[in-house]
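So the structure is just underneath, and the comments pick up after that.
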Amino acid sequence: MSATKSQEASSSASPCSYHVFLSFRGDDTRKTFIDHLYTAMDQAGFRTFRDNDGIEKGEDIKSELKKVIRESRISIIVFSKNYASSTWCLEELVMILKCRTLGHVVLPVFYDVDPSEVRKQIGSLEEAFTRHEEKLRSEMGELAKEKLKDKVGTWRAALREVVDLAGMNLWSVVFVPKARFIKKIIKVVGDKLSRTSLNIAPNLVGMHSRVKNIQLWLEDGLSNVGIVAICGMGGIGKTTTATLLLENLSDEESLELFSWHAFGKCCPNNGYGEVSKRVVSYCGGIPLEIKVLGSSLSGNGLHVWKSQLEKLKAIPDSQILEKLRISYDSLQEDHDKRLFLNLACFFVGSDKNSTVTILDGCEFYTMVGIQNLVDRCLISIDENNTLVMHHLLQHMGREIVRQESPKEPGKRSILWNHKDAFNVLRENTSTGEIEGLKLDMCVLKEEAYALSNLGGSLKIYGFSIFSSHLDDQKNSNLVALEADAFARMNKLKLLQLNCVHISGPYKKFPKGLRWLCWRGFPLKSIPSDFPLESLVALDMQYSRLKNVWEGTKFLWFLKILNLSHSYSLAKTPDVSKLPNLERLVLKSCTSLVQVHESIGSLERLVLLNLEDCKNLRNLPRSICMLKHLETLVISGCSNLDKLPTNMGNMESLTVLKVDGIALNQSLPTNGQVNAKQYFIWPWRLKPRESLEISWPSLPRSLVELSLANCNLSEDDFPTELSNLCSLKKLDLSHNQFHSLPDCIRGLTKLENFNIRSCPRLCKLDGIPRLCRLICGDNRLLEEISFQIPHHPTTTCHLNASNHLEAMRAFKLEYIGNVEAEIVNNLGLSNLQSMGNLTVKLTSWFGMQQRGFPLQFVTQVCIICTYIIGSKVPPWFNFKNLGSSIDFIIPSYLNSRIRGLNLCSIYEHSDPQEHKPHTVISNRTKGLVWSHRPFVIGTAEDGEDTMWLSYWKFGNRLVGGDEVSISVSGGEFVHVKEVGSAFCTKRNHKRGAPNQPTEI
């Protein structure tokens, strides 16, 4: 087959000569791993290219490889110890990543190197780059040397980019055979190459608006290529609506769909309205659950409905589970099914990165598996990198586990139900099938207390066996269980406990444990015979530990250690024999006074969190030996005297958070300190010596710096901060600035700047160009100016005079500065007769919502304003009640239209949630204009708001064109009326007041 020549061709239609392109370092893996992988690919029927197949090394090798990569569907990049030592491999990697924009799939495989080494380019990769730079310098001429930095930078960026893709890590999976690893790769490749056919079903509810949105988008007249992606869990309607954009139904649509299935009409029967809404709310807008529930309740009385609703809260209806299992059963690999069940039982709401670390240690290929689950909408990742799962899906997963052995919980793979777990441990009925166990005695006590209020008995939970062996009154709430109850759980890898006491000895405790999360650990030290050697993550938050363990522990696999809120912990343990520790979290260890000097030996540590360790007075000098530390958090360490002076050695440090530590000895003077403030934040208000920071020694690698609530002013602000040439995010909120510190202007790479809640702040001048500025809650702030390359500095005023311009995205100015023709055409030439027009204006960049006299907002080719008004004025020729209007332009206006005047009337229930969006479509020419204003106006005291706008269209509207206008404002805004009128060339010449068109 021929190669793909045009970037405009879709990936699905492009011819492909190979299924898979293999990129690897031949000396490392050709005769071992690659040979086995290639053979397995061939046996699976995948046409696979490797560099000794059909191309001879020579002058044209690069162009030939580019062609082969383009003609391949997937590239597998096998990273080995010496991969980066080959400039050929690095160039090949760059070529592969460039093809991703054409739909090319990239699958990184980490054979005998950890992804963190590739991302940070340490170890063998660091040595390789050193050799490359030395060799290139010696071989290149003076002029060519200038390009060396860019070339090496491209290679480094490519390595960082590829690590962020969903890949497979053999290094992190404990004791896995390579043959099994290769089998998993074959399965992933097969999934990536698979395709599904589509069918369309009749009688859909809520589809009209979604079809309309797709049509508007597809008809925008632009020449660039676009892709419509329809995503959703099994049963949500992807295949049924192959050409539709389907999202979760609104409340109104959900109720209508439910009613059709429950009552055979579009609304509930009398007396069923409220209970129908409750059932619908439980479905979360997912059509599948709505249909099943409606059908199952149809024809039943209210008492059945209410009973069924209560049942749904406890155990999901079996029919619903069977429907929900469409997506689950479609997972072709048992690995992904097991992964889903573990996520549903343990990790919903958890950080994705930590979860990947833990489950990789349990022989899961977690990154690839999570991506497969995301593809089927069985799980999602939110903006905070948290794992999110619909509650019905979570119920489904847990029910699948329960059904493994409904009558004998000890025979299940996971004990996620606290009552079942407690009974199995108390009665010692566990088996070797248990891989995960979850027990929270606090939950059981709450349930028991609720039951007792209903006349039940506490004895059913076995609370008669409260331990008498604990050493203080607080621990009397803990239930004592015997360690021998775990003896038969030889497969146990995941153990999550809360408020549980386990009596030793621990010799028979499972030794294959990978994750131990024991909140509220009751002992002062971890017993010496407790098996920790296989742990990947140890979480003992809210423990009573005073000394974590005696002496040193050799824990090769341990990557995460979290001892947060261990209020009795006075010092950290000796960590010199934790060679792979990556994250050490010690938040709110309020008695902590010493961090052990051995911390400097943690070569892989990337995160150290000491937030709110209020009694910590210093950090060990060895902390500066952490060359791969990326994030250091010391916020709230209010007694910290100084930071080490040689922090510049921490060349990987990108995030430093120092919030809530006084960097200026004087107290705030912005008013009285009330008792409530002192009670909540006494450490922020108490006089003390300032923290000493050697600002010049801070590493220039810093990307994010947080100095919120540090009692800083422009007079004592460190000028050396301008040396942080890589800084992109800076937080100076809750400080004592009057104006912008001069050194901020030198931070040319700054993208995100937070300076909100500075009570003395009056002006911000010369701010670098930003992606985001947060400056709300600054009541004295009146003036802002921005540095804009190649443009003169523009000034912004937040009072009622002059104008405001933010980063050239929009301009806010008084009516007197606006062209008279525009004001006249919008019917605002006689303001005195119109009464009070003041509305509240707010914007996305932090401008407070406050009352303004009449202001105009200019944004690209649209000029608009907001006034009080409840009816579209009479000079708008086309009007319609509701949020949209359609009309045909009269033919006699052909070639004379210069612009369009638009008016909309709306009311709002929550001004903060107002999200106006206007779409104008020229259906005849297939053109669409879309506008979301940066500045938003809202009337006060429940009055309606009128939005008037002028759109400059040039010659894009002519007589005979069919025009459609739609205005929306979000869930909390009701658009009542829309009107439009044309502005013609003749009109502009005459400037006739109040006569925008000749129609």
Task: Any donor-acceptor pair under 3.5 Å from N922 side chain to L927 backbone - done: no
Open item on the list: Counting C-beta onward and ignoring hydrogens, is there a side-chain heavy-atom pair between M41 and I185 closer than 4.5 Å?
Closed with: yes
Task: Output field: ring centroids Y328/F340 closer than 6.0 Å - done: yes
Open item on the list: Please report the interatomic distance CD(E630) to CG(L607), rounded to the nearest 0.5 Å.
Closed with: 9.0 Å
TODO: Any chance you could measure T355, atom OG1, to L339, atom CG, to the nearest 0.5 Å?
DONE: 10.0 Å
Task: Close side-chain approach of K493 and E435, heavy atoms under 4.5 Å - done: no
TODO: Check whether the ring centres of Y365 and F181 lie less than 6.0 Å apart, and answer yes or no.
DONE: yes
- [ ] Under the salt bridge (Lys or Arg N to Asp or Glu O under 4.0 Å) rule, collect the residues that match up with R156, sequence neighbours excluded.
- [x] E133
Open item on the list: Would you say S80 and D112 are linked by a side-chain donor-acceptor pair, where the criterion is simply a distance under 3.5 Å?
Closed with: no
Task: salt bridge (Lys or Arg N to Asp or Glu O under 4.0 Å) against R338, all qualifying residues, sequence neighbours excluded - done: none
- [ ] Could I get the full list of side chain to side chain donor-acceptor pair (under 3.5 Å) partners for K187, not counting sequence neighbours?
- [x] D191
Task: Spatial distance of atom CD1 (I560) from atom CG (L578) [nearest 0.5 Å] - done: 13.0 Å
Open item on the list: Tell me whether S726 contacts the main-chain N or O of L702 through its side chain, where contact means a donor paired with an acceptor under 3.5 Å.
Closed with: no
Task: Working for side-chain contact (heavy atoms from CB on, under 4.5 Å), residues L90 and H132 - done: CA-CA 11 Å; L90 294 172; H132 292 327; 3.9 Å; yes
Open item on the list: Strictly below 4.0 Å, N to O, side chains only: are D336 and K184 in salt-bridge contact?
Closed with: yes
- [ ] Take L107 and I77 through the side-chain contact (heavy atoms from CB on, under 4.5 Å) test and state the conclusion after the steps.
- [x] CA-CA 6 Å; L107 177 64; I77 306 169; over 6 Å; no
Task: CD on Q121 to OG on S652, rounded to 0.5 Å - done: 10.0 Å
Task: Exercise: do D114 and S116 side chains pair donor with acceptor under 3.5 Å - done: yes
Open item on the list: Could you tell me if the side chain of L626 sits less than 4.5 Å from the side chain of N649, heavy atoms only?
Closed with: no
Task: Shortest non-hydrogen contact from I182 toward A40 - done: CG2-CB, 3.6 Å
Open item on the list: We want to know whether S23 and E92 form a side-chain donor-acceptor pair, criterion being a heavy-atom distance below 3.5 angstrom.
Closed with: yes
Open item on the list: Tell me whether R700 at atom CZ has more than 12 heavy atoms from other residues, nucleotides or ligands lying less than 6.0 Å away.
Closed with: no
Open item on the list: Nearest 0.5 Å, please: how far is CD in E71 from SG in C99?
Closed with: 10.5 Å
- [ ] Report, as yes or no, whether the 6.0 Å neighbourhood of atom NZ on K729 holds more than 12 heavy atoms from other residues, nucleotides or ligands.
- [x] no
Task: Validation row: L22, T48 side chains within 4.5 angstrom (heavy atoms) - done: yes
TODO: Report the residues that fulfil side chain to side chain donor-acceptor pair (under 3.5 Å) with N342, sequence neighbours left out, ordered by chain and then residue number.
DONE: none
Task: Carboxylate-amine/guanidinium proximity below 4.0 Å for E91 and K151 - done: yes
- [ ] Would you give the length of the straight line joining atom CG of L165 to atom CD of Q371, rounded to the nearest 0.5 angstrom?
- [x] 9.5 Å
Open item on the list: Under the criterion salt bridge (charged side-chain N to carboxylate O under 4.0 Å, His left out), I'd like the reasoning laid out for R604 against E117: C-alpha separation, chi angles, the key distance, then a yes or no.
Closed with: CA-CA 9 Å; R604 292 181 177 272; E117 295 181 30; 2.8 Å; yes
Open item on the list: Using 30° and 60° as the class boundaries, would you call the ring planes of F79 and F110 parallel, tilted or perpendicular?
Closed with: parallel
Open item on the list: In the structure I gave you, are the side-chain heavy atoms of W929 and V919 within less than 4.5 Å of one another anywhere?
Closed with: no
- [ ] Check whether any side-chain heavy atom of V162 sits under 4.5 Å from a side-chain heavy atom of L93, and report yes or no.
- [x] yes
Open item on the list: Would you say that V606 contacts L629 through its side chain, given a criterion of any heavy-atom pair below 4.5 Å between the two side chains?
Closed with: no
Task: Heavy-atom pair of closest approach, residues G397 and A344 - done: CA-CB, 4.3 Å
- [ ] Run the numbers on H628 and E651 for side-chain contact (heavy atoms from CB on, under 4.5 Å), then give the verdict.
- [x] CA-CA 7 Å; H628 301 121; E651 54 194 38; 5.6 Å; no
TODO: Test side-chain hydrogen bond (donor to acceptor under 3.5 Å, both in side chains) on S72 and H104 and set out the steps.
DONE: CA-CA 8 Å; S72 301; H104 188 78; over 6 Å; no
Open item on the list: I'd like to know if the side chain of R47 reaches the main chain of H19, judged simply by a donor and an acceptor atom lying under 3.5 Å from each other, with no hydrogens or angles considered.
Closed with: no
Task: Pairing residues for S124 by the side chain to side chain donor-acceptor pair (under 3.5 Å) criterion, not counting sequence neighbours - done: none
Task: Lys/Arg-Asp/Glu bridge criterion (N-O < 4.0 Å) met for E603, K627 - done: no
Task: side-chain contact (heavy atoms from CB on, under 4.5 Å) evaluation trace for T366 with I358 - done: CA-CA 9 Å; T366 317; I358 293 166; over 6 Å; no
- [ ] Could you tell me whether the side chain of N384 and the main chain of T386 form a donor-acceptor pair under 3.5 Å?
- [x] no
Task: Non-neighbouring partners of T357 that pass side chain to side chain donor-acceptor pair (under 3.5 Å), sequence neighbours left out - done: R583
Task: Aromatic contact, F347 with W515 (centres under 6.0 Å) - done: yes
Open item on the list: Do F364 and H335 have side chains that approach each other closer than 4.5 Å (heavy atoms only, starting at C-beta)?
Closed with: yes
Open item on the list: Does the structure place the NZ or CZ of R25 under 6.0 Å from the centre of the six-membered ring of Y83, at an angle of no more than 45° from the ring's axis?
Closed with: no
